[in-house]
Structures are given as C-alpha cells and as structure tokens.
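Remember, it's a predicted structure, so these values are computed and weren't measured experimentally.
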Amino acid sequence: MQKARFSTVLLVLVFALLAVVSAILLTPAYLGSEKALQHEIQLAYARDQRALDGVLEARFRNIQHISQEVIKTHELRDRVQGRERLAVASFLDELLLGPNGQHIDAMVVEYNDGMPTVVTNSSMFDIQLPWEQILENYSPPGVWSSVNAEGDDKRYSLLRLTLPVVDGRYGEVIGKMHTFVMLNDNYWIISLLQELFGAQAISLYNGAQLLDGLESEDAQLQALANADFTDLGVVTNDKSILREHTLNIDGSEQYTVRSLLPNAAYQALQDAYLSNLLVAAIVVGVLGISTMFVILRLTRSSLSYLTRYAEQVPESGSPQSFRGGRFYEFERVGMAVEKMLLRIRDRDKLLSSILDHSPDLIFVKDKEQHYQLVNTRFAEMFNQKPEQVIGREDQTVLSEGLKTLASRSDSLLLDSGKPNSYEMDMATSKGDLTFLVNKFPIYSDEGGIESIGGIATDITELKNAERRLQRLAHYDSLTGLPNRTLFKQQLKAAIADKQSRITAVMFIDLDHFKNVNDTYGHSVGDQLLLQVADRLRSCVSPDDTVSRLGGDEFTVIVRGLKDNLQTETIAHRIVVALRKPYDMGSIRCYTSASIGISIAGKDGNDVDTLTRHADLAMYQAKEKGRDVIQFFDQEINECHQLHHQYEEDLRQAFDRDELFVVFQPRFDITGQHMMSAEALVRWRHPEHGLVPPSDFIPIAEGSNQIVKLGRFVLNEACRQAAAWLAEGYSMSVSVNLSTRQLYDQDLLQDIRNALSDSGLPSRLLELEVTETHMMENIDQFLPLLNEIRGMGVQISVDDFGTGYSSLMYLKKLPVEAVKIDRSFIMDIPGDVDDENIVRAIISMSHSLRLKVVAEGVETEEQRRFLSSLGCDELQGFLLGRPDDVSVLKALADQQTVKPESD
C-alpha cells in the first residue's frame, strides 16, 4: 500500500478547510437569494392569476354586452316574432362575420315552438354538435355556464350565455338567444393567455382533457402535462417555471391553465455565484500553499526527531526515554510511544508468564505443522525444552496414534476455517491422562489462515467423574445392582437378541417389608435389602440381570431358558432363598417374596409391556396370599383392563345417572315389624349391566372416589327416608361410612347438608362404621363420632366381631347398636365356636346397653336361635333382599306370616 506524505495530506486538509469556510460564507447568501427568488415567483403567480381573471372577465363581459344589444334590435325581434328562420339566420350570420362576432363561435335562436335556428362562425366549420340536446339542458339567463357535448367522436367544451328575446310591444318572451364560445382549439383565448403570461408554452384543460395549447418548442406541452403541481400551483427547475392557474367565467366549470415560463432569474443567480466561487477557489489555493509552507517549516525538525526515536527502539528490554521536542503535541506523541513500548514489554512478560505457568498445553504451528511456539508444560510432556520443540514437525514430537489425530484435526481446520476439538489419551510418567484439545485458526492481515493455535486441557478428573456419574445413573447406590434405567436397556437388548431361546422377566416384591422398617428402622431394612441382592445374584447365572427398581422391588432378566418349567425352577429357588431368616447382628428378621413372571414373545415384545405384565402377575401373587409364584396370563390382563375400565367409567357414572340406591329392610327379632332399612348403592353399567358392589366398591376406595360415592348414598338415603316419613312410614335409614369418609374434613358438613336438604329428622338417620378401622384409630375418630352423635344421628358398629374390640374401647364409643358380622351367623346353629362368639357378643353388648343386630340371617332356624339368645333385630335374605323403594313399601304394608313360637 502506497504511503502518503505528511505535507501532501496537510495541504489537502488546508485546502479542504478553506473550501469549507468559503462554502459556509457563500452558501447562506446563495440560499437566501434562492429563497427570495422563489418568493418573487409566487408573487408573480398570484399577480398573473388576478390578471387572468380580469382580462377574461372583460372579454366575456364584452361578448355578453354585444349579445344583449342584439336581442334588443327590431330586426331580430320582428323576425323571431314572425318565425322568419332564414331572415334570423341571415341576420346572425352577418353579425358573426362582422367585428363584433369575431370572439363568438355560435349563436342559436330558440323559439317557443319549432326548431331552433343555429348559426356558427368559421371556427366551427364542419363541426356537428347535437344542438337540440344541448338546448334541452337548462341554463340560467344572463350567466355564462359550461356545456360539454360529444360531436364527430370528440368531446367539446363550450361556454354558453342564454338571453330571452322579448316582444317590445307586449313584453312577451317570444324566444331565447344562446351565445356560445368554444374552448377547444380557440385561438383567440390561447393567444390571449400566452400574451398575458409571456409564456413559452401554454395549455388549457377541462379536468384531464386538453382543450387547446401552444408551444414554442417540441415536448413543452408534454412537460406541462407531466408536471406534478403542489397546492402552491408552481413547479420550478433550473431552466423553467411551470405554473397552473384556474379559469372560470360566472357559473361555469373551473378550467385549468398551465404555462411554461423561462427561469432567467435563477440562471442569472447561478452565474453570479459561480463567478464568486471561482475567485474563492483561487484565494483558497494561494492561502493553502502559503499555510502549508509555514507549517512544514515549523514541524519538520520535530517530526524527524520523533521518527528517529521510534525507529531506534530495541527489540527487547526497556526503551530509551524520550527527551521531548519543540512542540507540546509532538512531545505528547513521543511520551505516548514510550508508554506504549513499556506496555508492550509488560504484556510480553505477562504472556510469557502465562505460557510458562499454565497447566494447559499451549502451542502454535504453521500450516506445514512446524511448531512456532510452545509453552513449558507442552515441552515437559514430551521430556523436552520449549526451544527444542520449536521448528520441529508433529511426526518428530507425537506418537503415531496422536500424530494421526492431530493431522486429521489440522486438515479439517484448514479446510473449514472453523475451530474444532477432540479428546486425546496419552501415556505419561504420571499415568494415563486424557486431554481435550481445542484448535483455532490464526489469521494474517490479509484474512488468510497463517497458523494453527491450540490449547490442550487435562480432563482426566472430569472423565473419571463422568464415569462415576454414569455408574450412579445406571446402578442402585445401595445394592450396586442395575437400576431401572439399566434394567430397561438390558431387557431391550435381550428382546432384540434373536439367538436367545426364552427370556423371562421376574418382578419380585418382598412381603411385609414395611413391617421390618417400622419395627427395626431403615438401617436394618437397608441391610436386609443388601442380603436380598446377594441371594438373588446367587440364584441366577452371570449372564442374567438382577436389578433393583426401588424400595423392596427387584427384577430378574433370565436368558436362554428351555421352557417354563426351568423358569419356574429358578423362581422357586429365589422364593426359597428369600424365605430364609436374615441375621443382622442381634436382630433376626424374616420375610418372603411374591414373584410375577412374564415371557418375552408370549406376553409381550417390548420392555414396557413385559414389565407391566410381570408387575400384574406379581400383584396377583400378592392377592393369592403372598410367598407365591405367578405366571402372567391373559385373564390377569383382562381383569386388570376391566378394573381400569371400571375405574374410568365410575368417574362418569355420577354424571350419567348410572348409580342408584336400593334398600334392605331390618326387622325386629320376631320378623313381624320392619324397624329400618339399610341404603346400598348399585351401579348399572351401560355395557356390563349390573356391576357387583364387590367389584366397584374396592375400585372406588382405591381411586379416592369413595367419598363422592358415600356422599351420593347419604343424600339419596336421607331424601328417600324423608319421602317415607311424608307418606306415613316412620322408618329410619342406615348408611355405611367408609374409612376415607371418616378422614374427610367435609364429612360433618355433608351430614348437615343431607339432613337439611331432605328435611329428615336426625333421629331417623343411622350411620354404620366398620369395627376394624375405627378401633385401630379410636382416639382420632372419637371426637368426630361424638360430634355426629351430638347432632342427634344414630351410630352403629358394622361387621362386629371381625376386629379387635374390647369392652373398654366399646364403652368409649357413642354408639347405640352393634351388627354381628354375617361370617358368624352363616354356620349357626351347629358350629359351637360361632355359637359361643355370638352368645358372647350379645351378652357383652346388652351389658353395655347396646342393641344387637344380626346380619346375613337366611333361615328360620337361625332366627329362632338368635331369638333364644336375646338378639334384638335381624337383617338378611330370610325376610328381605336389597330392592327398590316400591318393594320395600310393599313389605311395610303387608302383615308378614308369624313364625312358629320360639
């Protein structure tokens, strides 16, 4: 790049400065003159508009005066009165040929009846206009108005003056005379306008239609037509002034007059300022050269010294101090150069320190892979010093494997021009290390890649941490077994292995493991899980996979099985192994396992299906009593699917009115009097018909819909009992409360709402609570039961005898009755143990002044035995099954047959 001389640049700057000053001085004057010129143009425009209005008004007033004089002549009046058309035409023709008719293009006499007489001037020779149609349009008398007519395939614009012809003797209007001036190609009008404006070109428009125009040179009329006028009506350029005036006579339309005038004043203004600019340029040149010589004279010695100082700076070490110069500014430059060199020296020391002490390997190579720079750490890695590595190639420094990686990375960087990175493993005296090498291009001033820079960071610890995290992500932290993630990966691989004969998935869940944690604590539970893991490993081959999914759930993937018998043998081995006692110091624990098994291919072809089916089979094993092996079969799946379908459908059953309540009567022990009725919910499914309560009640309890279901039964029971009371049946109604309802904070409000909405007296509502759940949490439920009893609602204990009641607990409860569970009734009389239990329950309850109700009474023999023991009431199929309200009312109305005397 060619360097410019300081003197040349200085001269240019001086010239530029003087030119700017001259322009600053001359430009405002020029702009002011130009603005004054524009103002003068606007004034001339307004003045010419007024002249235009005055001249044309005078001309048309003269034509109007001539027309008025004509209609007053006796010759015209008499000939119009006598309908002498030829004479009228001759008279008007003579007028148009005379000096008074030179500005009139046509005159028409319109009679009160008959055809008009039309006389035209030579300007309308061979122009055929529809005069009758023109005359049909009304024109106010004595006022010029516009007329537009089509003739000879051309549109014509005319000005029309209508005057009445009046009989001088009687003052009667005998006709009209119309005077027309045509604007199309009207020489006298366009000449008048050109003369008035002194225009080079002029045109007359009616809207967008050109009526007439004159130009002194070609294309001037086209320029007028293309001009874009503003609201000011004037457009100017360097050579011309284009103007747009308006023209209208009396009540006529508004016509447009466009004119083109020479812009002589603007040309004169430019010529005057150009001559001034030439003088200014000469002055600028003289002053610039003089100023340059003066400045060079003053600055040459200082610049020379400053240049010599900068050129004599050593490549290393501290620079010499700058002694100063003649001018303050040059001295500042010299001091700045000295400071800059000191900073460069400091930066160089810092960079060297960073390179020498950085834990990373830093290097720079040229494009031929010769090292240009390496730090101490890089050289030490290869047992060398930095100066020994400089200038050498990769093949003399790196091993064969590392050289291939480096060469491939260098080629990629040079081809793409983008940084890249790769991992590099090296065997060193400190062991095997892993480095992350990042390479980046170093560009020349021209923008091309001239070197390759690189930084290699030791990531050995990071890789080790990644491996540890990888193990944590795939292995259970307690047992060291594969976790759920790795289990799924292993099972997926086993399914994909087509060479394997049979692959089985065992889902193992420990029985009553919660009791171990609750009894001995989680530390003992963890030790037990560790021993379970060891036993499971010992029961399978090394090719099989034992996993812990979480908690006390384990899985085993068994590969290469011959048949299901071999699978069952392995599962039995596991059951036996897990059944053995667990010794943990002073503690000896026992547990067992329930195992569900699914077979790949037969029970599913993907991980989720096989796992889910094995899980379902395990739950089936739990239901069979635990410590059981259960293979998955389709019936289990269908039951599970039906369970899920019932669960989903039950959510919608409330809105679809599929739930209803039936009532089972309760009689006194004689069976003669109906004492009350128990409300029982039923579900009529749209596809499966009546669903047994034993099927959907557990589903409702498991899905937390039991609270909503219990609220529904409570409301329906209270509503029906209130209806009975209104019909004269004073029967109470009993409703079962589930355990979840007892935990529900809205239970008390639900009871109040049911009684309030139905209007049922609280004494006619009885709530039944299950003995087992109530006794397990008696201290928690006792305040709730006392509050319910305080509302006047009766409370009874359901399924009595199956729980763990004692006299002390039963005495605490605010109950009025106990209901003996049907399991004790079905084998009496005959079963001595059940007879003694029932006898004890009745005796104990009566001692506490509680009423006793026997459930499930189906034979007369059972009723008599219970009567002999003093039982108070009974309920069962003997006297009434659960049914709708109509059946219940029929039972209440009829007199039951008296049983044989006891």
Side-chain angles (χ1 to χ4, degrees), residues 476-484 487 491 504-540 544-558 564 567-599 603 610-633 635-637 639-640 643 698-699 701-702 739 772-773 776-777 802-804:
D476 177 50
S477 59
L478 175 64
T479 63
L481 294 175
N483 61 10
R484 184 183 299 271
F487 159 73
L491 180 55
V505 178
M506 299 183 184
F507 204 104
I508 304 169
D509 187 87
L510 301 182
D511 300 327
H512 305 299
F513 177 73
K514 182 176 181 298
N515 294 339
V516 175
N517 275 337
D518 293 344
T519 303
Y520 302 108
H522 288 281
S523 60
V524 173
D526 289 345
Q527 295 180 42
L528 188 146
L529 292 175
L530 287 171
Q531 293 189 29
V532 168
D534 292 337
R535 294 183 187 186
L536 288 175
R537 289 191 191 96
S538 66
C539 292
V540 297
D544 300 329
T545 300
V546 179
S547 307
R548 182 190 177 208
L549 302 189
D552 60 339
E553 292 182 344
F554 295 83
T555 57
V556 177
I557 303 173
V558 186
N564 288 351
T567 306
E568 186 174 2
T569 301
I570 296 174
H572 181 70
R573 187 189 310 154
I574 293 173
V575 168
V576 172
L578 298 182
R579 193 186 295 155
K580 295 178 182 180
Y582 297 85
D583 291 322
M584 287 163 285
S586 60
I587 299 174
R588 188 180 180 88
C589 298
Y590 294 88
T591 186
S592 58
S594 300
I595 302 179
I597 304 173
S598 62
I599 306 298
D603 300 327
L610 284 172
T611 306
R612 179 166 51 84
H613 287 173
D615 191 19
L616 289 175
M618 184 273 294
Y619 277 107
Q620 186 69 15
K622 291 277 189 184
E623 292 176 1
K624 289 184 177 181
R626 296 180 171 85
D627 197 21
V628 173
I629 300 169
Q630 175 66 51
F631 281 87
F632 174 80
D633 59 37
E635 182 179 351
I636 294 176
N637 189 42
C639 291
H640 181 72
H643 178 91
I699 293 175
E701 291 177 343
T739 305
T772 302
H773 296 110
E776 288 178 351
N777 301 278
T802 61
Y804 311 97

Could you check whether any side-chain heavy atom of [X] comes within less than 4.5 Å of a side-chain heavy atom of [Y], counting everything from C-beta outward?
X	Y	result
Leu510	Leu528	yes
Asp627	Arg579	yes
Tyr582	Gln527	no
Ile508	Glu553	no

Inset, instruction - Kindly determine whether Asp615 and Asp509 satisfy side-chain contact (heavy atoms from CB on, under 4.5 Å), including the steps that lead there. - result: CA-CA 9 Å; Asp615 191 19; Asp509 187 87; over 6 Å; no
Inset, instruction - Begin from the C-alpha positions of Ser523 and Asp526 and carry the test side-chain hydrogen bond (donor to acceptor under 3.5 Å, both in side chains) through to its verdict. - result: CA-CA 5 Å; Ser523 60; Asp526 289 345; over 6 Å; no
Legend entry - Closest non-hydrogen atom pair between Asn515 and Thr519, with its separation: O-OG1, 2.6 Å
Inset, instruction - Quick one: closest heavy-atom pair of Ser547 and Phe487, and the distance? - result: OG-CB, 3.4 Å
Legend entry - salt bridge (charged side-chain N to carboxylate O under 4.0 Å, His left out) involving Arg573 - partner list, sequence neighbours excluded: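 With neighbours one apart ignored, the set is empty.
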Legend entry - Residue list, salt bridge (charged side-chain N to carboxylate O under 4.0 Å, His left out) with Arg484, at least two apart or on another chain: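 Testing Arg484 for salt bridge (charged side-chain N to carboxylate O under 4.0 Å, His left out), a comparison that skips the adjacent residues, returns none.
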Inset, instruction - Begin from the C-alpha positions of Ile595 and Val575 and carry the test side-chain contact (heavy atoms from CB on, under 4.5 Å) through to its verdict. - result: CA-CA 8 Å; Ile595 302 179; Val575 168; 3.5 Å; yes
Counting distance only, does the side-chain N/O of [X] pair as donor-acceptor with the main-chain N or O of [Y] below 3.5 Å?
X	Y	answer
Arg626	His512	no
Arg537	Val540	no
Gln531	Asp583	yes
His613	Asp603	yes

Inset, instruction - Answer yes or no: is there an ion pair linking Lys622 with Asp511, defined by an N-O contact shorter than 4.0 Å? - result: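 Yes, this pair counts.
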Legend entry - Test: Arg612 cationic atom under 6.0 Å from Phe632 six-membered ring centre, within 45° of axis: no
Inset, instruction - Could you walk me through whether Phe507 and Ile597 pass side-chain contact (heavy atoms from CB on, under 4.5 Å), step by step? - result: CA-CA 6 Å; Phe507 204 104; Ile597 304 173; over 6 Å; no
